[in-house]
2 protein chains.
Amino acid sequence: MDTPIINNLFTLMQRYRMTMRDVINANELGLNAMHVRCLHIIEATEACTANDIVQKMQRDKAQVARLVKDLMNLGFIEKNASKEDKRRFILSFTESGSALLMKLLAAQKEINNSLCKGLNKAQLDTFLSVVDKMSENLK
Amino acid sequence: MDTPIINNLFTLMQRYRMTMRDVINANELGLNAMHVRCLHIIEATEACTANDIVQKMQRDKAQVARLVKDLMNLGFIEKNASKEDKRRFILSFTESGSALLMKLLAAQKEINNSLCKGLNKAQLDTFLSVVDKMSENLK
DNA sequence: TGATATTGTTGATATTATCAACTATATCAT
DNA sequence: ATGATATAGTTGATAATATCAACAATATCA
């Protein structure tokens with residue numbers, strides 16, 4: 001049996017997680033990789049709610065609720081009930097959260113750069129379209 | 001910030017894990033996804049040892065030791081000390097393990113097919129080389 | 001208005017991952 | 001040959017990630 005494609009992906013993801021963990025540990029915060037992903041999503045999403053994070057990360061809402069709670073307890077974000085829909089809470093950064101975010105964005109960019117080193121645009125485009133097609137195939 | 005490539009990969013891996021879990025549950029054994037990956041590696045590796053699995057899965061040896069122990073307790077594999085090096089244990093399938101493997105290989109193949117549906121060889125080749133290059137970049 | 005759906009929280013638990021300490025065996029340099 | 005160092009594997013402790021079910025509050029729709 002020729003080893004399935006997915007194994008190469010497992011290896012890549014493993015390496016990525018380790019790289020990410022090093023960065024996070026280097027900054028010595030009470031955070032893990034999923035917290036960081038949440039922060040990035042909150043930043044990138046207009047009036048982000050917990051449910052937005054659920055959609056974008058494709059994770060269970062229970063998991064997300066806990067990550068958000070942690071981030072609030074750590075004082076990086078706060079939530080306010082939406083005026084249009086009181087079930088929703090809009091997430092936003094505190095001052096210390098914004099400061100943290102700056103650092104994380106810089107780190108993320110650096111990781112992304114080293115990830116893509118030696119690859120040209122055509123390769124990356126093909127890669128991305130294949131990834132998305134595969135996700136679609138499994139939906 | 002354009003969302004980093006890795007997010008698309010996270011989504012894909014998540015979908016893959018869910019697909020895999022469905023298949024495994026359908027087989028209704030005391031196994032999880034990592035057990036299944038171990039079995040595949042044992043099958044694909046001549047005189048496979050725990051350390052081979054560690055290398056190929058890029059996981060901690062403690063984690064692998066426990067997965068192997070589970071598989072033995074479930075009666076799917078057995079281990080025998082290598083004659084050349086008594087620290088090593090060669091892993092092999094029991095009869096019921098072989099039977100299980102047949103089913104898992106079929107399932108794996110099916111998943112792999114649906115994963116690659118609608119993608120041509122050139123795309124898949126580029127994809128794989130990019131994945132490997134990225135792994136290399138993070139090493 | 002009542003039935004149904006959505007958003008988010010919590011409890012319980014399973015799965016996956018990490019690190020350190022340890023045993024046994026092997027290897028290597030002297 | 002012996003002692004130092006390295007490797008293979010095990011176990012304990014714990015952290016990180018994920019899943020499912022039950023629930024409260026609010027929204028939507030017939």
Side-chain angles (χ1 to χ4, degrees), chain A residues 10-11 13-25 28-38 42 45 47-74 77-91, chain B residues 10-11 13-22 24-25 28-38 42 45 47-73 77-91:
Chain A
F10 272 120
T11 298
M13 296 309 284
Q14 171 68 2
R15 295 245 166 92
Y16 183 83
R17 266 191 298 272
M18 287 168 66
T19 304
M20 204 56 190
R21 204 184 50 240
D22 288 347
V23 171
I24 294 166
N25 285 348
E28 286 185 10
L29 307 152
L31 300 180
N32 61 40
M34 297 304 282
H35 291 123
V36 172
R37 292 189 66 202
C38 286
I42 295 169
T45 308
C48 185
T49 67
N51 198 44
D52 289 329
I53 299 177
V54 166
Q55 298 305 319
K56 299 204 179 183
M57 294 208 313
Q58 294 282 306
R59 293 298 188 282
D60 191 90
K61 61 184 179 170
Q63 188 182 2
V64 170
R66 286 175 179 117
L67 291 167
V68 166
K69 189 168 64 173
D70 293 341
L71 290 172
M72 289 205 307
N73 290 341
L74 289 166
I77 63 173
E78 50 195 15
K79 67 177 186 185
N80 294 97
S82 159
K83 281 163 192 166
E84 296 87 51
D85 183 343
K86 286 179 191 162
R87 293 171 307 178
R88 296 164 186 268
F89 295 94
I90 310 293
L91 304 174
Chain B
F10 272 121
T11 298
M13 296 309 285
Q14 170 69 2
R15 295 245 167 92
Y16 184 84
R17 267 192 297 273
M18 286 169 66
T19 304
M20 202 57 188
R21 205 185 48 242
D22 287 347
I24 294 166
N25 284 348
E28 283 184 13
L29 306 152
L31 300 179
N32 61 40
M34 296 305 281
H35 291 122
V36 172
R37 292 190 66 203
C38 286
I42 295 169
T45 308
C48 185
T49 67
N51 197 45
D52 289 329
I53 300 177
V54 167
Q55 298 305 320
K56 300 203 179 184
M57 294 210 311
Q58 294 283 304
R59 291 300 186 283
D60 191 89
K61 61 185 180 169
Q63 188 183 1
V64 170
R66 288 177 178 115
L67 291 167
V68 166
K69 189 167 65 172
D70 293 341
L71 290 172
M72 289 207 306
N73 290 342
I77 64 173
E78 52 196 12
K79 67 177 184 184
N80 294 96
S82 159
K83 281 164 193 167
E84 297 89 48
D85 183 342
K86 286 177 191 164
R87 293 171 305 178
R88 294 164 187 270
F89 294 95
I90 309 293
L91 304 173

Winner on side-chain proximity to B:Asn32, out of D:dT17, C:dT18, C:dT16, is C:dT16

Which pair of heavy atoms, one from B:Met34 and one from B:Asn32, lies closest together, and at what distance? N-OD1, 3.0 Å

Mind checking if A:Gln14 touches a base, just sugar-phosphate, or nothing, with heavy atoms under 4.0 Å? sugar-phosphate

Separation of atom CZ in B:Arg87 from atom P in C:dT25, rounded to whole Å: 10 Å

Which of the following nucleotides, D:dT26, C:dA24, D:dA22, is nearest to the side chain of A:Lys61? D:dA22

Starting from P on C:dT9, measure out to CG on A:Asn73 and report it in whole angstrom. 11 Å

Round to the nearest Å and state the distance from A:Arg15 atom CZ to C:dA17 atom P. 14 Å

If you only use heavy atoms from C-beta on, which nucleotide in C:dG8, D:dA18, D:dA27 is closest to the side chain of B:Arg21? D:dA18

Watson-Crick or G-U counterpart of C:dT4, or none if no pair lies under 3.5 Å: D:dA27

Below 4.0 Å: OP1/OP2 of C:dG8 and any side-chain N or O of A:Thr49: yes

Whole angstrom value for the distance that separates C1' of C:dC19 from CE of A:Met18: 12 Å

With heavy atoms under 4.0 Å as the rule, sort A:Asn51 into base, sugar-phosphate or nothing. sugar-phosphate

Would you mind telling me which of D:dT17, C:dT10, C:dC19 lies closest to the side-chain atoms of A:Met34? D:dT17

Does OP1 or OP2 of C:dT10 have a side-chain N or O of A:Arg66 closer than 4.0 Å? no

Just how far, in rounded Å, is C1' of C:dT18 from CD1 of A:Ile24? 14 Å

Taking only the side-chain heavy atoms of A:Gln63 (C-beta and beyond), determine which of D:dT19, D:dG9, C:dT16 contains the nearest atom. D:dT19

Nearest-angstrom distance from the residue atom CZ of A:Phe89 to P of C:dT6: 18 Å

Starting at the 5' end of DNA chain C and moving along, which residue's nearest nucleotide shows up first, B:Asp85 or B:Leu31? B:Leu31

Between A:His35 and A:Ser82, which has a closest nucleotide on DNA chain D that is more 5'? A:His35

Counting any heavy atom closer than 4.0 Å, what does A:Ala62 reach on the DNA or RNA strands: base, sugar-phosphate only, or nothing? base

Out of C:dT10, D:dA8, D:dT10, which nucleotide sits closest to the side chain of B:Lys79? D:dT10

Answer yes or no: side-chain N or O of A:Arg88 and base N or O of C:dT7 forming a donor-acceptor pair under 3.5 Å. no

For B:Asp60 and D:dG9, give me the distance from atom CG to atom C1', rounded to whole Å. 11 Å

Could you go through residues 49-56 of chain B and list every donor-acceptor pair under 3.5 Å that involves a side-chain atom there, pairing it with any protein atom two or more places apart or in another chain?
unit_1, atom_1, unit_2, atom_2, d
B:Thr49, OG1, B:Asn51, N, 3.3
B:Thr49, OG1, B:Asp52, N, 3.2
B:Thr49, OG1, B:Asp52, OD2, 3.4
B:Asp52, OD2, B:Thr49, N, 2.9
B:Lys56, NZ, B:Thr45, OG1, 3.1

Is B:Leu67 close to B:Met57 at the side-chain level, that is, under 4.5 Å between some pair of heavy atoms? yes

Assuming nearest nucleotide by heavy-atom distance, tell me which of B:Lys83 and B:Arg17 is located more 5' along DNA chain C. B:Arg17

Can you tell if the side chain of B:Gln58 reaches within under 4.5 Å of the side chain of A:Met18, non-hydrogen atoms only? no

With a cut-off of less than 4.0 Å, is there a side-chain N or O of A:Arg59 near OP1 or OP2 of D:dA18? yes

Take A:Thr11 and A:Gln14, measure what side chain to side chain contact (heavy atoms under 4.5 Å, CB included) needs, and give me the verdict at the end. CA-CA 5 Å; A:Thr11 298; A:Gln14 171 68 2; 5.6 Å; no

Measure from CG on A:Asn80 to P on C:dT7 and round the result to the nearest Å. 19 Å

Check whether any side-chain heavy atom of A:Ile24 lies under 4.5 Å from a side-chain heavy atom of A:Arg21, and answer yes or no. no

